[in-house]
Amino acid sequence: MTARSETLPRLALAVPAGRLGRVELELGAVLAVLALAGVVFNPALGTPGALLFLAAGAGLVLLRPGRVFAMAVRNWPAMLMAVFCILSFTWSREPALSLRFGVQLAATAVIALAICERLPPRAFCLSLAALLGISMAASILGGGTSGETAAWIGVYGSKNAFAGAAATFAIFAFGLALARGRALFRAGWLAAGVVGCGLVVLAQSVGALVLLAVTIGATLFVLGVARMGPAARVALLAGGVLAAAFVALLASAHVQAISDTVLETTGKDLTLTGRTELWAVARDLIADRPFLGVGYQAFWVQGNADAEALWFMFGIEGRGGFNFHNMYLSNAVEIGLLGVTLQALVLFGAGLLTLRWTLLTGRVVPAIFFGKTLMVVFGSLIEVPLFFQFGLNTFLVFAAFAYARDAVARAS
């Protein structure tokens with residue numbers, strides 16, 4: 001982030017606060033939190049949530065257009081990827097949809113950068129965790145369950161969406177519990193993290209639960225390494241590599257037994273509930289248009305013969321809400337290998353930058369961003385968590401890239 005100049009006009013509103021006197025609310029910070037609220041509550045609110053995100057974000061951009069433009073230039077991989085998705089309308093099967101959704105993705109990126117320019121990383125994490133906490137509370141008090149399995153869907157309408165939001169809440173809550181602060185607040189965030197894990201369990205999402213456990217373990221490991229001396233760091237990393245090699249050898253020797261146990265525990269079949277069949281179809285489609293694809297979000301459209309065949313094959317009566325369950329294959333179908341390369345640059349760039357940020361500082365806030373990005377990286381192998389307009393995962397990867405890029409640049 002850039003240093004804030006004291007010469008810039010500061011728009012603030014002083015409101016009465018009882019015994020506290022008058023509390024000053026800075027307009028930019030208020031708009032940033034409102035935009036965060038829009039993206040957090042978008043799955044539950046739909047169009048109103050998206051409009052809140054766009055309206056508050058537009059106001060935030062207009063307050064400091066020069067600074068937001070500078071942020072966009074510094075974080076050019078994110079903007080280049082969004083521009084490529086917009087340009088895909090020129091070769092898309094559904095040009096109007098590709099243009100519309102591409103512009104919305106670019107708006108998501110710009111607003112994410114504007115929020116990063118306005119809010120320090122810790123304030124961002126606190127605001128997002130608080131908003132997710134409200135969403136989790138609403139899901140507990142007024143949410144529903146799936147009719148078939150009684151899995152919790154909260155206010156999200158989908159167990160996978162609810163499980164993903166709960167896992168994200170758990171990562172941020174556990175991270176804030178480790179940060180410096182009053183013991184009472186840290187205990188509260190710890191309890192909130194436990195609740196988040198419990199909600200993932202109630203959502204009956206084995207994938208989200210495994211991703212959460214692996215992510216927390218890996219993040220704590222990296223944070224521990226960052227706080228050690230150079231000699232201890234090298235020794236621990238070497239030990240970790242040796243342990244990983246041993247586990248890999250052991251697993252390769254008992255692959256059948258492990259496979260049977262995993263399938264029995266998760267209730268999956270050998271095709272991972274049809275994923276391998278979907279992946280085979282995706283590879284054939286990519287071979288037809290390998291470099292540019294069929295257009296951004298132009299495949300899963302009613303009337304497209306290939307999509308209709310897959311919906312029929314897998315019994316998707318609503319003809320929507322389906323994907324190839326692998327981000328790289330799914331996005332390569334839509335925007336080709338060139339587009340996926342740009343998306344990988346943003347995602348893996350965010351992962352490497354947040355890792356370096358954490359190792360350089362040994363602080364918890366960078367570790368939170370690293371943990372969330374790592375969970376998205378792992379999840380991208382079996383789901384499609386990125387890149388969607390107004391999507392929380394997409395928004396957080398943009399934010400992680402921007403915060404880490406500036407922090408690493410300052411440290412260097």
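- The CZ atom of Phe370 sits 8.5 Å away from the OG1 atom of Thr215 when rounded to the nearest 0.5 Å.
- A pairwise comparison of heavy atoms in Pro366 and Thr361 identifies CG-OG1, 3.6 Å as the closest pair.
- Ring orientation note: the planes of Phe369 and Trp357 are close to parallel, at an angle under 30° on the 30°/60° scale.
- Of all heavy-atom pairs spanning Leu386 and Asn331, the tightest one is O-ND2, 3.3 Å.
- Ser135 and Tyr156 share a donor-acceptor pair across their side chains, judged by distance under 3.5 Å alone.
- A donor-acceptor pair is defined here as one N or O able to donate and one able to accept, closer than 3.5 Å; no such pair exists between the side chain of Ser205 and the backbone of Val201.
- Within the 3.5 Å criterion, the main-chain N or O of Ser98 finds no donor-acceptor partner in the side chain of Ser92.
- In Phe348, the CZ atom is crowded: over 12 heavy atoms of neighbouring residues, nucleotides or ligands sit closer than 6.0 Å.
- Summarising the geometry, atom SG belonging to Cys125 is positioned 4.5 Å from atom CD1 belonging to Ile368; distances are rounded to the nearest 0.5 Å.
- The distance from atom CG of Asn326 to atom OG of Ser380, rounded to the nearest 0.5 Å, is 7.0 Å.
- When every heavy atom of Gly362 is checked against every heavy atom of Leu223, the shortest pair comes out as O-CD1, 3.7 Å.
- Summarising the local packing, CZ of Phe312 is surrounded by 12 or fewer heavy atoms from other residues, nucleotides or ligands at distances under 6.0 Å.
- Nearest heavy atoms, Cys85 versus Ser88: O-OG, 2.6 Å.
- Judged purely by atom type and a 3.5 angstrom limit, Lys159 uses its side chain to pair as donor or acceptor with the backbone of Gln204.
- Nearest approach of Phe162 to Ala203, heavy atoms of both residues: CD2-CB, 3.9 Å.
- Residues Glu26 and Arg118 are in side-chain contact: their nearest non-hydrogen atoms beyond the backbone lie under 4.5 Å apart.
- Proximity of Phe124 to Leu36: side-chain heavy atoms (C-beta onward) are separated by under 4.5 Å at one or more points.
- In this structure, Phe390 and Leu105 have side chains that are not in contact, with every pair of non-hydrogen atoms separated by 4.5 Å or more.
- Residue pairs that meet the salt bridge (Lys or Arg N to Asp or Glu O under 4.0 Å) test with at least one member in residues 319-332, sequence neighbours left out, are Glu308-Arg319.
- Side-chain contact check for Phe53 versus Thr108: some heavy-atom pair is nearer than 4.5 Å.
- Between Trp300 and Phe324, the gap from one ring centroid to the other is short of 6.0 Å.
- Looking only at atom types and distance, the side chain of Gln389 has a donor-acceptor partner in the side chain of Gln297 under 3.5 Å away.
- Test Val346, Leu392, Thr354 against Val397 for side chain to side chain contact (heavy atoms under 4.5 Å, CB included) and you get one pass: Val346.
- Under a cut-off of 6.0 angstrom, the local environment of CD in Glu317 is sparse, with at most 12 non-hydrogen atoms contributed by other residues, nucleotides or ligands.
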Pair Arg356-Leu360, side chain to side chain contact (heavy atoms under 4.5 Å, CB included): steps then yes or no: CA-CA 6 Å; Arg356 180 160 174 75; Leu360 284 172; 3.8 Å; yes
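- Shown here is Arg289, whose CZ atom has more than 12 heavy atoms of other residues, nucleotides or ligands within 6.0 Å.
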Steps toward side chain to side chain contact (heavy atoms under 4.5 Å, CB included) verdict (Leu285, Leu329): CA-CA 9 Å; Leu285 292 169; Leu329 292 175; over 6 Å; no
Stepwise side chain to side chain contact (heavy atoms under 4.5 Å, CB included) check, Met79 with Leu113: CA-CA 10 Å; Met79 298 310 305; Leu113 297 179; 4.1 Å; yes
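- Panel note: side chain Glu94, backbone Leu97; no donor-acceptor pair is recorded below 3.5 Å.
- Ring planes of Phe314 and Phe322: tilted class, angle from 30 to 60°.
- Annotation: the span from His325 atom NE2 to Ile382 atom CD1 amounts to 9.5 Å, rounded to 0.5 Å.
- With rounding to the nearest 0.5 angstrom, the CE atom of Met375 is 9.0 Å from the CD1 atom of Ile216.
- Within the 4.5 Å cutoff, side-chain heavy atoms of Leu199 are placed close to those of Ile140.
- Leu353 and Val408 make their closest contact through O-CG2, 3.7 Å (heavy atoms, listed as atom of the first residue, atom of the second, distance).
- In this structure the side chain of Tyr328 reaches within 4.5 angstrom of the side chain of Leu347, judged on heavy atoms.
- Looking only at distances, no side-chain donor or acceptor of Arg363 sits under 3.5 Å from a matching main-chain atom of Thr358.
- The shortest side-chain heavy-atom distance between Ser139 and Trp152 does not fall under the 4.5 Å cut-off.
- Listed by first then second residue, pairs satisfying salt bridge (Lys or Arg N to Asp or Glu O under 4.0 Å) with a partner in residues 380-398 read Arg275-Glu383, not counting sequence neighbours.
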Stepwise side chain to side chain contact (heavy atoms under 4.5 Å, CB included) check, Phe398 with Asn75: CA-CA 9 Å; Phe398 287 146; Asn75 296 280; over 6 Å; no
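- When side chains are defined from C-beta on, Pro385 counts as touching Val376, because their heavy atoms get closer than 4.5 Å.
- One finds the OG1 atom of Thr168 at 8.0 Å from the CG atom of Leu128 (value rounded to the nearest 0.5 Å).
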